[in-house]
Number of protein chains: 2
Amino acid sequence: MSTTGHQSDEPRAIRPTSEIDPEQISDFKGRRAIILKSALELFATHGYEATTMDQLGEHVGIRGPSIYKHFRSKQELLVEIMFHTMERLQANFADAISQSDEVTQQLKTAVEAHVRYHAHHRFEAFVGTREIYSVTEPDRSEVIDLRAQYECGFRDLIERGRLEGHFDTGSSRLASFAILDMGMGVAVWFKETGPFDAERIARYYGIMALRMLRRSA
Amino acid sequence: MSTTGHQSDEPRAIRPTSEIDPEQISDFKGRRAIILKSALELFATHGYEATTMDQLGEHVGIRGPSIYKHFRSKQELLVEIMFHTMERLQANFADAISQSDEVTQQLKTAVEAHVRYHAHHRFEAFVGTREIYSVTEPDRSEVIDLRAQYECGFRDLIERGRLEGHFDTGSSRLASFAILDMGMGVAVWFKETGPFDAERIARYYGIMALRMLRRSA
DNA sequence: CCTACCGATCGGTAGG
DNA sequence: CCTACCGATCGGTAGG
């Protein structure tokens, strides 16, 4: 019935209450890492608005206000997650297309990387897409811009494949939207526990993407 | 600087401040319609948690607390939107597959209907997918169940096409996820103002879905 | 459909 | 990293 604070008897030390392997959720490193990981998990499961700083503190093993020793605001946590996610997606894409000179192979590898990320980092991807409107300006516009750039990479690849005669698309832009969106969907329903492992999904989505771009019989 | 309420001088009557054609956003009818439509618009643009009853009231042209004359709670508004959306999707699907006996044609028409709905009712679709975790139990489980049933319709169609030798899928379930997800994505980026009209997108997505399900060359 | 207002919560600050 | 607490907001109720 208290209205003035917590009644917790737990020790006050950094100690996550979650048993999920942090490396599997995120690649954040350093001091602020554990807070960022917890924030990611809570934002993903409850949503940004619905997550409170006290909840986040409890999840990490400290008091809510203590988080402000590491981050300036709740918003900073979200922005950090957003930019980190876009950086990783861009890096994965660059890496994927560098492994071949053939468009068909490049697109397949890029789609696989896209899907693999959305499976292995489903929380980042999930929060990244769902909480864009929780980001305040000017950061929001910047994130939207990064996403547009990412999409452009796929679109250019498809357009090149079309010009080289490998693909037959009604619209390279619509095709890239479709391929990207079906990959993003993986982050919503993927479960580490199966029945599909990330690698199988990535491979199959790569095949489906290529089929989509070919002339119908 | 006031902390005790609104300073608005507007008349107190039902009069939406939005200029968007309600029929284009939603098919809600009757007395509660205008509130539901406004709620849909605000939930879609700001998110459920971030939308306040006072905001909603202002958008409709009444005071916040007056909404409780029409709805029991904020939650009821969301639940109403959710179930309505699933009903419409299911109805559209049933209608689509009733127009042919051939699986290939059925699937194409069903995908077109799916995409058309996500373009024309992007707010419903958007809120329906993004705000599931804002719905409290037991309604949440029921909505998730309806979504699973909807997916099953597509999966069964694909599986039948495979058994009849029309399709060659590595997994009918993954294929249905991919097709459904790419259609849901339309609700996120579609703009009434172009450059693509809903009909063109629907047709092209229907074609891409069929290509996805065919054997690669 | 309105005003007045309650009980609770929340992000963030002060000052150790 | 903690306690104490502020200023503001929010969903919902009372009683017209």
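Naming: A, B, ... by sequence-line order, numbering from 1 per chain. FYI, side chains are in, hydrogens and waters are out, and symmetry mates aren't considered; it's all heavy atoms of this structure.
The side chain of A:Ile62 lies closest to D:dC1 when the candidates are C:dC10, D:dC1, C:dC1. Listed nucleotides C:dC2, D:dG11, D:dT3 differ in distance to B:Arg63; the shortest reach to its side chain belongs to C:dC2. Comparing D:dC1, C:dC2, D:dC10 against the side chain of A:Ser66 picks out D:dC1 as the nearest.
C:dC10 atom P lies 12 Å from atom NE2 of A:His46, rounded to whole Å. Atom C1' of nucleotide D:dT9 and atom CD of B:Glu49 are separated by 13 Å, given to the nearest angstrom.
Relative orientation of the B:Tyr150 and B:Phe93 rings is perpendicular, given thresholds of 30° and 60° on the angle between their planes.
D:dG15 and C:dC2 make up a base pair, with Watson-Crick or G-U wobble contacts both under 3.5 Å. The pairing partner recorded for C:dT9 is D:dA8, the criterion being a Watson-Crick or G-U wobble arrangement whose two distances lie under 3.5 angstrom.
Salt-bridge check for B:Arg32 with B:Glu80: passed, with a basic side-chain N closer than 4.0 Å to an acidic carboxylate O.
Side-chain atoms of A:Tyr205 and A:His114 include no donor-acceptor pair closer than 3.5 Å. Defined by atom type and a distance below 3.5 Å, a donor-acceptor pair is present between the side-chain atoms of B:Gln75 and B:Tyr48. Using modelled atom types, one finds a donor on one side chain and an acceptor on the other under 3.5 Å when comparing A:Glu159 with A:Ser172.
Applying the salt bridge (Lys or Arg N to Asp or Glu O under 4.0 Å) test to pairs two or more places apart or on separate chains, none has a residue in residues 128-145 of chain A.
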Enumerate all atom pairs, one protein N or O and one N or O from nucleotides 12-16 of chain D, separated by less than 3.5 Å.
| residue | atom | partner | partner atom | Å |
| --- | --- | --- | --- | --- |
| D:dG12 | OP2 | B:Tyr68 | OH | 2.6 |
| D:dG12 | OP2 | B:Lys74 | N | 2.9 |
| D:dG12 | O5' | B:Tyr68 | OH | 3.3 |

